[in-house]
Number of protein chains: 2
Amino acid sequence: MAGDKPNLRWGVEQKLQFIEFRLFWEGHVNRSDLIEQFGVSPNQASGDLNRYIALAPDNMVYDKSGKTYVRSSGFIPLFLKPDATSYLSQVRSVAEGIVASHDSWIGSLPAFDAPPAPARGVDPKILRTIVIAARRKEAVEILYQSMASPEPQWRWVAPHALAFDGFRWHARSFCEKSGEFRDFVVSRVIETRHTRPSSSSPLSDAAWHEMVVLEIGPHPDLSPNQKRVIELDYGMHEGRVSITVRRALLYYALRRLGLDTDPAARAPQDQQIVLLNGESVRELAA
Amino acid sequence: MAGDKPNLRWGVEQKLQFIEFRLFWEGHVNRSDLIEQFGVSPNQASGDLNRYIALAPDNMVYDKSGKTYVRSSGFIPLFLKPDATSYLSQVRSVAEGIVASHDSWIGSLPAFDAPPAPARGVDPKILRTIVIAARRKEAVEILYQSMASPEPQWRWVAPHALAFDGFRWHARSFCEKSGEFRDFVVSRVIETRHTRPSSSSPLSDAAWHEMVVLEIGPHPDLSPNQKRVIELDYGMHEGRVSITVRRALLYYALRRLGLDTDPAARAPQDQQIVLLNGESVRELAA
DNA sequence: ATCGATACGTCAAGTTTCTGGAAGGTTCCG
DNA sequence: CGGAACCTTCCAGAAACTTGACGTATCGAT
């Protein structure tokens with residue numbers, strides 16, 4: 001019956017996916033939804049809805065009383081794989097203004113909030129310069145405000161990767177001034193000037209390529225039941241789980257997991273997890 | 001010359017935006033880029049590129065030697081507002097598998113990594129049930145694994161908002177069992193059963209609607225120069241910035257900012273910021 | 001019980017977009 | 001020089017879409 005997706009044009013495929021997205025997440029679709037989202041005529045929207053029914057007859061019925069198409073009980077997505085992470089990521093992006101509401105397919109946005117991350121914004125042109133330099137394996141001259149010097153200084157760096165520490169974006173780069181690979185906070189780059197070919201190889205960034213394994217387990221002072229729940233939360237087996245992280249990001253990973261302080265600094269219920277191989281890991285942290 | 005955008009069809013507008021996105025971020029576009037992204041014929045792609053030139057003659061020229069269209073120096077985006085946050089968010093989404101590479105417009109993905117967040121995934125159907133219940137102001141019966149009880153238990157909750165604490169997603173809900181508003185970790189919901197109308201009003205969730213103001217400043221033990229950089233990073237004026245956060249999220253906000261422990265638990269360079277109004281804030285934390 | 005508003009549906013004519021095929025141009029490289 | 005890898009243009013036909021007109025079902029208000 002259904003199942004054979006003919007070669008559809010991109011625009012048509014998008015509209016069918018949209019119908020399915022709304023059916024799954026909201027339970028219903030309207031002709032007017034298509035009109036708003038894609039700017040098509042009522043006429044065309046009718047056609048698209050009926051095309052969807054023709055391709056997936058068991059997924060959707062028209063509810064005359066509700067004046068809307070509703071998902072039927074035997075709904076099986078045909079054009080989309082429903083994904084909670086992606087939906088939640090969209091919720092966050094729309095709520096935080098990263099994505100305009102009309103660019104998202106979510107029709108009725110759930111109320112949402114998250115603890116704010118008060119980090120300065122990144123200038124798109126500066127970011128572009130860094131990204132392009134990384135791609136071309138070039139060095140770029142940046143005016144950088146470091147923690148060490150009072151005034152911003154020009155220096156040549158050869159970026160090769162981006163990293164996010166939870167708050168700030170970093171450009172992992174070879175710094176010609178210090179002769180080392182370092183993290184540069186992108187929002188501390190005031191300006192960029194020239195670029196030129198770079199002789200440094202990203203492969204020599206040992207701290208970036210070397211992986212560290214963190215062994216974590218539930219806090220020993222939790223009750224057996226609390227331990228079990230934490231194990232479920234973190235996907236632990238037999239009281240432990242391994243997390244692999246680049247040595248260059250180890251500091252941020254420990255901080256993010258709340259493992260950069262003495263485990264006694266928080267109550268066990270707040271701390272939740274502890275590092276099981278702390279001795280071998282902590283000496284690697286920068 | 002340029003500037004007047006005629007009423008274009010959705011599909012055409014998307015392609016022009018795509019051309020502009022690639023021009024801005026990568027510096028060049030190919031006919032083959034359009035072919036890959038939208039599945040059009042080489043023929044049509046030519047047409048679209050020339051349509052773009054007709055609409056924005058000063059933005060792009062064909063580099064015969066490079067065999068590609070390149071951004072010209074006077075490039076002014078016409079269909080898109082370049083946004084670093086949105087670009088970086090895409091980088092992260094693609095790198096973490098949230099968005100398929102071919103659904104993103106980024107052609108050449110920069111190398112990227114971030115500290116992993118080892119949290120269990122959320123089941124899309126369970127999330128959907130919660131989101132729909134919130135929209136319809138309904139209560140839903142969930143099988144929930146709490147920290148308190150050894151076995152999961154059925155209980156009626158009326159969700160009204162989603163919250164993200166940096167690791168886990170929560171459903172802010174009225175719990176009929178306890179008669180209070182509480183956070184339920186979505187990934188700890190094993191199953192959902194019935195729904196029914198709810199009498200509880202989201203407006204009575206005091207901790208959700210009450211806002212707390214955090215005053216933060218640079219760590220006092222930093223050097224004047226280091227303080228200045230931190231002030232720039234966090235957008236502080238005169239050594240302080242106010243962050244407003246829901247009381248229900250206060251705990252997570254403090255944790256995220258590293259303000260939930262004694263300021264002496266970390267070295268000043270690691271701690272970076274301190275809470276200036278700690279006395280009045282900390283007594284509110286759950 | 002009728003009327004108006006709001007949905008969706010459909011038929012027809014005309015425009016825009018797109019494909020496929022065919023022929024042609026430029027630059028680079030071996 | 002010839003081939004590869006780009007982009008371009010012309011044409012006919014198909015698919016997608018718009019505009020306009022007219023018809024249908026449901027609901028709620030008068």
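Below, chains carry the letters A, B, ... as their sequence lines are ordered, and counting in each starts from 1. Model, not experiment: these values are computed from the prediction.
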| message | Base, sugar-phosphate or nothing for A/Y69? Non-hydrogen atoms, less than 4.0 Å. | response | sugar-phosphate
| request: Verify the contact: side-chain N or O of A/Y62 to OP1 or OP2 of D/dT24, cut-off strictly under 4.0 Å; return yes or no. | output: no
| query | Are the ring centres of B/F18 and B/F38 closer than 6.0 Å? | reply | yes
| OP1 or OP2 of C/dG9 sitting under 4.0 Å from any side-chain N/O of A/S46? | yes
| task | Quick one: sort the B/F184 and B/Y144 rings into parallel, tilted or perpendicular, breaks at 30° and 60°. | result | perpendicular
| C/dA7 phosphate, OP1 or OP2: any side-chain N/O from A/S32 under 4.0 angstrom? | no
| request: Give A/S41 one of three labels, base, sugar-phosphate or nothing, depending on what nucleic acid heavy atoms sit under 4.0 Å from its own. | output: base
| request: Remember a base hit wins even if backbone is also touched, and classify B/G66 as base, sugar-phosphate or nothing at under 4.0 Å, heavy atoms. | output: nothing
| task | Go through C/dT17, C/dG9, D/dT26 for me and flag the one nearest to the A/K64 side chain. | result | D/dT26
| said: Taking only side-chain N and O atoms of B/R9, does any of them lie within less than 4.0 angstrom of OP1 or OP2 on D/dA15? | reply: no
| said: I'd like to know whether the aromatic ring centres of B/W208 and B/F181 sit less than 6.0 Å apart in this structure. | reply: no
| said: If the cut-off is 4.0 Å, is A/N30 near the phosphate of C/dC8, judged by side-chain N/O to OP1 or OP2? | reply: yes
| query | Looking only at side-chain N and O atoms, does A/R31 come under 4.0 Å of OP1 or OP2 in C/dT6? | reply | no
| task | Report the distance from atom CG of A/N43 to atom P of D/dG20, rounded to the nearest whole Å. | result | 12 Å
| task | Just compare C/dC18, D/dC17, C/dT27 and give me whichever is closest to any side-chain atom of B/Q44. | result | C/dC18
| remark: To the nearest angstrom, the CG-P distance between B/D48 and C/dT16 comes to 15 Å
| request: Please check the phosphate of C/dG25 (OP1 and OP2 only) for any side-chain N or O of B/K67 closer than 4.0 Å. | output: no
| request: For the pair B/W169 and B/F164, name the ring-plane relationship: parallel under 30°, tilted 30 to 60°, perpendicular over 60°. | output: tilted
